[in-house]
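Some notes on the structure that comes next.
As a basis for the values below, the full set of heavy atoms in this structure was taken, side chains included, without hydrogen atoms, waters or symmetry mates. Lettering follows sequence order; numbering is per chain, from 1. Keep in mind the model is a prediction, meaning the values are calculated, not measured.
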Number of protein chains: 2
Amino acid sequence: MEDDTMPRTTFLPVVRELARCYQAFERLSGRHIRQLGLTAGQFDVIATLGGTDGMSCRELGDATLITKGTLTGVLDRLAERGLIERCACSGDRRSITVRLTPAGQALFDNSFDAHLAHLKPAFDQLAPDELAETGALLARLREALESEAPDCCEIQNN
Amino acid sequence: MEDDTMPRTTFLPVVRELARCYQAFERLSGRHIRQLGLTAGQFDVIATLGGTDGMSCRELGDATLITKGTLTGVLDRLAERGLIERCACSGDRRSITVRLTPAGQALFDNSFDAHLAHLKPAFDQLAPDELAETGALLARLREALESEAPDCCEIQNN
DNA sequence: TATTGTTATACTCTATAACTATA
DNA sequence: TATAGTTATAGAGTATAACAATA
């Protein structure tokens, strides 16, 4: 028997494909985002804030998965360029509200649709039910991965 | 009709799930890799070299998707720790062969299986046919993404 | 001329932790 | 004491381009 040479696991190909697929996405997406003069993190913030009336750094960090310390730097660079503004307009005076400026909103309005248009030809190569199935399976896998990664509990943050 | 408020695209949820799923994987995987004293890039190199008799920087860069300039630094750090070695043993004297040292091979033998064991509980939550389907769909999507990202042609590299 | 790998620069992100000002 | 956000540090990755040696 040649069982010694059998793959050690059945999930390794999925790991590989997940990584390759994400990297391929990042390459296609990132190229366009860089053309807009933004980094991936900056675009993430703009896209998250777009269409909202602002949110706190904590909410923004949770939504974008950008680390607290990094977020300050990202917001600094976006604020320098006049795309976002910070204001102390919430009840809790420890907290600030981050929102898009009119210029940031304009960038969002233009760039977000343009970005989707940039990505669309790739995703159009899959049938709608394939896309739906992909999304559903990825959600299943994400839940499984998160259940093993105990940082969903933000209790031990200090 | 309320079509104006319909989602602009059908693939946006897939994008979100792909990003979330990969990030969840990176978090689970990265935690363990860091415990080994390696970064993701370093582990990628070790895992790629493991079980081979070495390869050139070019091949290694292609396999790991690590940028040429970055690869030099990654290899420097691995070489400092005695995990890889570079030798000029190929016919082409511009090229070098990178391979694991015995210490690197030992690290690979131990850490790779341990890493798989670390990940296994998460992937075990999906049925084998779900995993197979996930891998197949991710491969489909990756091919679609790559077909729109013209850097598969390494011709315009200069 | 083209290719392999190295070097250099400037920027960004990560992880970590200390710090402030509030609560 | 705990939380929100900032600051600081060290390390690593990215993009880009110039460079030396070789093909």
Distance, rounded to the nearest Å, where [X] contributes [atom1] and [N] contributes [atom2]:
X	N	atom1	atom2	value
B/L38	D/dG13	CG	C1'	15 Å
A/R27	D/dA15	CZ	P	10 Å
B/L71	C/dT3	CG	P	18 Å
A/E26	C/dT12	CD	P	16 Å
B/E59	C/dT4	CD	C1'	12 Å
B/L60	C/dT6	CG	P	11 Å
A/I66	D/dA4	CD1	P	17 Å
B/L75	D/dA12	CG	C1'	14 Å

Does a nitrogen or oxygen in the side chain of [X] sit under 4.0 Å from OP1 or OP2 of [N]?
X	N	answer
A/T72	D/dT7	no
A/R77	C/dC13	yes
B/S95	C/dG5	yes
B/T70	D/dT14	yes
B/T67	D/dA15	yes

A/L137-B/F123 co-clustered via ILVMFWY side chain contacts under 4.5 Å: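 No: no chain of side-chain contacts under 4.5 Å links A/L137 to B/F123.
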
Minimum-distance nucleotide to B/R58 side chain [options: C/dT4, D/dG5, D/dA15]: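 The nucleotide sitting nearest to the side chain is C/dT4.
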
[Y] and [X], any side-chain heavy atoms less than 4.5 Å apart:
X	Y	value
A/C87	A/I96	no
B/R99	B/C89	yes
A/F108	A/F43	no

Aromatic plane relationship, A/H115 with A/H32 - under 30° parallel, 30 to 60° tilted, over 60° perpendicular: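 The rings of A/H32 and A/H115 lie parallel, inter-plane angle below 30°.
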
Side chains of B/Q125 and A/E148, donor plus acceptor under 3.5 Å: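 Present: a donor and an acceptor within the cut-off.
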
Annotated protein contacts, base or backbone, on nucleotides 18-23 of chain D with a non-hydrogen cut-off under 4.0 Å, one of B, S, - each: ---BBS

Side-chain donor/acceptor pairs under 3.5 Å, residues 64-74 of chain B, sequence neighbours excluded:
from, atom 1, to, atom 2, distance (Å)
B/T64, OG1, B/L60, O, 2.7
B/T64, OG1, B/I66, N, 3.3

Residue met sooner reading DNA chain D from 5', once A/S56 and B/G69 are mapped to nucleotides: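 Its nucleotide being nearer the 5' end, the pick is A/S56.
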
